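Contents: one structure, followed by commentary.
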Amino acid sequence: MGISLPPDVTLQPATVNFLRTSPKKLLIGGEWVAPARFETFATFNPATGEELAQTALAGPEDVDRAVQAARDAFENGPWDKLNGEERGRLLWKLADLIETHADELAELETLDNGKPLRVARNGDVPFAVRHFRYYAGLAGKIEGSTIPVSIPNQFVYTRREPMGVVGLIIPWNFPLLMCAWKLAPALACGNTALLKPAEETPLTALRLGELITEAGFPPGVVNILTGPGVPTGAAIVAHMGVDKVAFTGSTEVGREIMKNAALSNLKRVSLELGGKSPNVIFADANLSKAVRGAFWAVFSTSGQECVAGSRLFIERAVYEQVLEGLSAEAQKIRVGSGLTPKVHIGPLISEHQLERVLGYIASGRSGGAQVFKGGERLGGELASGYFLSPTIFTHQDDSLAIVQEEIFGPVVAATAFDDWDELVQRANAVRYGLAAGVWTQDISKAHRFAHTVKAGTVWINGYGYFDAAAPFGGYKESGFGREMGQAAMELYTQVKTIWVGL
Ligand code: NDP
């Protein structure tokens, strides 16, 4: 294993140690075990194209073994004997351990995913910590209700009980954070879990597995299965012993998961899927803030974000001014290895993703949209990685693929609008409904837009804020179910109604 680092950059000894010595096997029933078929796959550094590590590839036999371990842990103690407060204490301990190892986890994230180290260290890792703490607090506060009924002498109450064994399938854009988004509420509610990270980014999930063991979670409560969507993810979805699958990823795979869940044991499914979010700048907005906000709404994490504000609607009176502002922002930012200090934007996750995004850029050009800025793969010292300059398209044709489809790259489709009705019609004219943004100093107009747009989250005069306490999820083909906040407890519990004859 060779890791090329930018000049004057060194890694934490713990990071190097993890990369060199950790076995990167499967965590099943509290043990790190080799996969039944002894297969492995490589994970790469997207900034250099170099292999970082070989990781175990879980097949259907391993999934089966993990389901048995998770079922055993769910039904035969000690996990099922712990009360909510005791589960919360374990989650809090895990949060403390993540905090202690924050530098190392951030470096692993940057190496595996490419995002700037500053973002991983100040964003992803502390946000994951906060998630575990938030659900540590909620674990002992899962309440049922008493229900007044019309039948005399009957007392009716409800309990919220865990689902059982849950499969958690996550993508590569926020590897550690997505583990936290799903594991924290699932465990707070008393479930046991099979966690499948994306094949592109298994490293922080594996390190998290070590910390989960160190925190003292009983064996089998969390099982970590690295491997590709097929066979690993598909085997989790098809397994008759899995009670629920929570998934984040593309709408296409979400559709497949829903179908396969129905064909197996009708397991419960929650889906957080793609987006093509409208971001609207009205002429009365604070333009310097709006321009900066719109720029980062799409270009942070190189556009590889489900909520990316990738359709920019600009009121015609300020259209040219906003475009010039975006261009000036693009001029200022530095694209490069996430390990290089002061880099703002890292690489795309893989060669495949780069080719896919370049394909969209070519289709935008040939469809008649104009490249106002960027649109090229970056060469020179970045040639071995998957770097793309921030790309601003201008267009007036909403039927283009660059306007309708989730590109998941640093590409924004900017367009002018003239009036309210046109704006609302065009903003809602995609199959997705994950998020939206609006910039205006007229607060009535802002709320009016927020109430009209078909999206699960709307940001007014800001973009991309998340908090463990604030529910998040999609409208339309962006999925269903709400993660974060108390809403997520509904994803991981089922309601039991109990009638008592008095
Ligand atoms: P996928 O939707 O394919 O992957 C998400 C997760 O699902 C990964 O862990 C993947 O495994 C797994 N998976 C894939 N196929 C199956 C299956 N049949 N059954 C069960 N699990 C499966 O996203 P990609 O990584 O391929 O990215 C492709 C596009 O998806 C992106 O360009 C983007 O448009 C969208 N996407 C959206 C995300 C979002 O947050 N909304 C996040 C990621 C991607 P593995 O990766 O190991 O094969």
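Please read these numbers as outputs of a predicted model, since none were measured by experiment. Order of listing sets the numbers, starting from 1, for every ligand and every atom in it.
The closest approach between Glu305 and ligand 1 stays at or above 4.0 Å for every heavy atom of the residue. For Gly409, the heavy-atom gap to ligand 1 stays at 4.0 angstrom or more. In this structure, Gln353 counts as a contact residue of ligand 1, since one of its heavy atoms falls inside 4.0 Å of the ligand. Contact analysis leaves Phe174 out of contact with ligand 1, as no non-hydrogen atom separation drops below 4.0 angstrom. Taking a 4.0 Å cut-off on heavy atoms, Arg356 registers as neighbouring ligand 1.
The proximity of Ile169 to ligand 1, defined as any non-hydrogen pair under 4.0 Å, is limited to the side chain. Contact annotation: for Leu273 versus ligand 1, heavy atoms closer than 4.0 Å belong to the backbone alone. Residue Leu434 does not touch ligand 1, judged by heavy-atom distances below 4.0 Å.
Inspection of the Asn265 and Lys267 side chains reveals an N or O donor paired with an N or O acceptor under 3.5 Å. Side-chain atoms of Ser389 and Lys373 form no donor-acceptor pair, as typed in the model, at a separation below 3.5 Å. Neither side chain, Glu199 nor Thr226, offers a donor N or O lying under 3.5 Å from an acceptor on the other. For Gln353 and Tyr386, the side-chain atoms include no donor-acceptor pair closer than 3.5 Å.
Distance from atom 34 (O) of ligand 1 to its nearest protein heavy atom, with residue and atom name: Glu406 OE1, 2.8 Å. For atom 22 (C) of ligand 1, the closest non-hydrogen atom of the protein is Gly229 CA, 3.5 Å. Atom 43 (C) of ligand 1 has its closest protein heavy atom at Pro171 CB, 3.4 Å. Closest to atom 3 (O) of ligand 1 among all protein heavy atoms lies Val253 CG2, 3.4 Å. Of the protein's non-hydrogen atoms, Gly233 C, 3.3 Å is the one closest to atom 20 (C) of ligand 1. Annotation: atom 38 (C) of ligand 1 to nearest protein heavy atom, Phe408 CZ, 3.4 Å. If you check which protein heavy atom lies closest to atom 26 (O) of ligand 1, you get Trp172 NE1, 4.8 Å. In this structure, atom 18 (N) of ligand 1 lies nearest to the protein heavy atom Val230 CG2, 3.9 Å.
Ring planes of Phe408 and Trp172: perpendicular class, angle over 60° (limits at 30 and 60°). Between Tyr463 and Trp459, the ring planes lie tilted relative to each other; the angle falls in the 30° to 60° range. Ring-plane geometry between Phe466 and Trp181 is classed as tilted, the angle between the planes lying from 30 to 60 degrees on a 0 to 90 degree scale.
With respect to the salt-bridge test (charged N to carboxylate O, under 4.0 angstrom), the residues Glu483 and Lys182 qualify. Taking 4.0 Å as the cut-off between side-chain N and carboxylate O, Arg311 and Asp398 do not count as a salt-bridged pair.
Considering only heavy atoms from C-beta on, Trp79 stays 4.5 Å or farther from Asn191 through its side chain.
In this structure, the side chain of Ser277 does not engage the main chain of Gly309 through any donor-acceptor pair within 3.5 Å.
In this structure, atom 7 (O) of ligand 1 has protein heavy atoms in its sub-4.0 angstrom surroundings. Closer than 4.0 Å to atom 1 (P) of ligand 1 lies at least one heavy atom of the protein.
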